[in-house]
S.K.: 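Can you read through this structure? Questions will come right after.
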Amino acid sequence: YQWTRNDGDIGGATDSAYTLIEDDIGKLIRVKITSSVQTGTLTSDPTATVEKADCATATGVTPALSSKTTTSITVVAVAGYEYILVADGAAVDTGTWQDSNEFTGLAANTAYDIYQRVKETATHKASNVSAKLDATTDAAALTGTATIAGDAIFGQTLTASLTGGNNTGTLSYQWTKNDGDIAGATDSAYTLAESDITALIRVKISSSVETGTLTSAPTAAVEKADCTTAKGVTPTLSSKTTTSITVVAVAGYEYILVA
């Protein structure tokens, strides 16, 4: 027997059995048979083109999340594996296989599907694709400026807003008095109470999507409101003696006497 590869003799391959090797992949194998008595040589038809063997691992193990940031996702590395990331719900073939177990340049707060498999070698095919790992990048930090509109005067209403920010979620608010949270003051508007007088008021703004908290600059110290009566009414004499004078009492008033 003489085994051939693409019609060239394979050195040392002279037994009736021949085990295919890496060099045979992609080639056509034949065998030539001769006899010690009869003359001539018979040559077999060629085999099909020799293929790589199936992977010893039928299906890759499911990826496990290692870490993630706003723009990257890293899965636990597995020796001999390759990795692919696609948009959430997209077909595997929409992505590109890579040797690195880290995916970078991703969008913040976005869901992706990640698969892995045993990588093809010189002699073996890749394994079947694993089940997917669903992973979502972290949300970006909230940006912008928290501002307060309104006068820092008892009874006035202050209004919070976020300007120039990247918010994509629902904003939440917490009003503070001298840096301590004001219980129940979680709307975008806050009406100044008596206990706020002389205090500095701020608002903290957070988002249901972006992370972190932005805090406004403080208001001026909260002042008392102006009296609703611009000028007191002129006193009216009620009675007098040699040593006293009494004027008609007016509810909520105070009095003064000078020379």
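Because the structure is predicted, anything quoted here is derived from the model rather than measured. For this chain, numbers begin at 1 and follow the sequence in order.
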S.K.: Can you hop from Tyr255 to Leu237 via hydrophobic side chains spaced under 4.5 Å?
M.R.: no
S.K.: Do you know which two heavy atoms are closest between Val75 and Pro63, and how far apart they sit?
M.R.: CG1-CB, 4.2 Å
S.K.: Which heavy-atom pair separates Thr215 from Arg202 by the least distance, and what is that distance?
M.R.: CG2-CD, 4.0 Å
S.K.: Measure from the side-chain N and O atoms of Thr69 to the backbone N and O of Ser72, and report whether any donor-acceptor pair falls under 3.5 Å.
M.R.: yes
S.K.: Could you check if a side-chain atom of Asp196 sits within less than 4.5 angstrom of a side-chain atom of Ile201, using non-hydrogen atoms only?
M.R.: yes
S.K.: Answer whether the closest heavy-atom distance between the side chains of Asn101 and Tyr81 falls below 4.5 Å.
M.R.: no
S.K.: Asp181 side chain to Thr176 main-chain N or O, any donor-acceptor pair under 3.5 Å?
M.R.: no
S.K.: Checking the side chain of Thr137 only, and the main-chain atoms of Thr110 only, is there a donor and an acceptor separated by less than 3.5 Å?
M.R.: yes
S.K.: With a 4.5 Å cut-off on side-chain heavy-atom distances among I, L, V, M, F, W and Y, is there a chain of contacts connecting Ile73 to Val209?
M.R.: no
S.K.: Considering all heavy atoms of both residues, which atom of Arg30 and which atom of Thr43 are nearest to each other, and what is their separation?
M.R.: CD-CG2, 3.9 Å
S.K.: For residues 143-155, which side-chain donor-acceptor pairs fall under 3.5 Å, sequence neighbours excluded?
M.R.:
from   : atom 1 : to     : atom 2 : distance (Å)
Thr143 : OG1    : Asn166 : N      : 3.3
Thr143 : OG1    : Asn166 : OD1    : 3.1
Thr147 : OG1    : Ser161 : O      : 3.4
Thr147 : OG1    : Ser161 : OG     : 2.7

S.K.: Check whether Tyr173 and Leu158 end up in the same hydrophobic cluster, where Ile, Leu, Val, Met, Phe, Trp and Tyr are linked by side-chain heavy atoms less than 4.5 Å apart.
M.R.: yes
S.K.: Distance check, rounded to the nearest 0.5 Å: Leu106 atom CG versus Tyr112 atom OH?
M.R.: 4.5 Å
S.K.: Show the nearest heavy-atom pair for residues Pro46 and Leu28, with the distance to one decimal.
M.R.: CB-CB, 4.0 Å
S.K.: Identify which one of Ile29, Thr47, Thr19, Asn6 satisfies the side chain to side chain contact (heavy atoms under 4.5 Å, CB included) criterion when paired with Asp24.
M.R.: Ile29
S.K.: A quick test of your reading: do over 12 heavy atoms of other residues, nucleotides or ligands sit less than 6.0 Å from CG of Asp23?
M.R.: yes
S.K.: With distance as the sole test, does Trp3 use its side chain to make a donor-acceptor pair with the main-chain N or O of Gly12 at under 3.5 Å?
M.R.: no
S.K.: Compare all side-chain heavy atoms of Val129 with those of Ile84 and state whether any distance is below 4.5 angstrom.
M.R.: no
S.K.: According to a 4.5 Å side-chain heavy-atom criterion applied to Ile, Leu, Val, Met, Phe, Trp and Tyr, with indirect links allowed, do Val78 and Val118 form part of one hydrophobic cluster?
M.R.: yes
S.K.: Let me confirm one number: the NZ-OG1 distance from Lys204 to Thr213, rounded to the nearest 0.5 Å.
M.R.: 7.0 Å
S.K.: Rounded at 0.5 Å granularity, tell me how far NZ in Lys32 sits from CG in Asp7.
M.R.: 8.5 Å
S.K.: Taking the side chain as every heavy atom from C-beta outward, state whether Ile10 and Tyr18 have any pair of such atoms under 4.5 Å apart.
M.R.: yes
S.K.: Can a donor-acceptor pair be found between the side chains of Thr157 and Thr191 at a distance below 3.5 Å?
M.R.: yes
S.K.: How many angstroms lie between OH in Tyr115 and CG in Leu133, if you round to the nearest 0.5 Å?
M.R.: 10.0 Å
S.K.: Report yes if some heavy atom in the side chain of Tyr1 is under 4.5 Å from a heavy atom in the side chain of Thr14; otherwise report no.
M.R.: no
S.K.: Backbone N or O of Gly184 within a donor-acceptor pair of the Trp175 side chain at under 3.5 Å?
M.R.: no
S.K.: For the atom pair CD (Glu51) and OG1 (Thr123), what is the distance rounded to the nearest 0.5 Å?
M.R.: 13.5 Å
S.K.: Evaluate the side-chain proximity of Asn167 to Ile205: yes if any heavy-atom separation is below 4.5 Å, no if none is.
M.R.: no
S.K.: Are the side chains of Lys119 and Trp97 in contact, using a 4.5 Å heavy-atom criterion?
M.R.: no
S.K.: For Ser130, does its backbone N or O pair with a side-chain atom of Gln116 as donor and acceptor, under 3.5 Å?
M.R.: no
S.K.: Hey, mind stepping through Tyr190 and Val203 against side chain to side chain contact (heavy atoms under 4.5 Å, CB included) and telling me if it holds?
M.R.: CA-CA 9 Å; Tyr190 174 66; Val203 68; over 6 Å; no
S.K.: Any sub-3.5 Å donor-acceptor pair from Ser44's side-chain atoms to Val31's backbone N or O?
M.R.: yes
S.K.: Flag the pair Val76 / Ser66 as yes when at least one side-chain heavy-atom distance between them is below 4.5 Å, and no otherwise.
M.R.: yes
S.K.: List the atom of Thr121, the atom of Lys52, and the distance in Å for their closest heavy-atom pair.
M.R.: O-NZ, 2.8 Å
S.K.: If you look at every heavy atom in Thr136 and Lys68, which pair is closest and at what distance?
M.R.: O-NZ, 2.8 Å
S.K.: Quick check for you: to the nearest 0.5 Å, what is the distance between Glu223 atom CD and Thr198 atom OG1?
M.R.: 11.0 Å
S.K.: Decide if atom NZ of Lys224 counts as having more than 12 heavy atoms of other residues, nucleotides or ligands within a radius under 6.0 Å.
M.R.: no
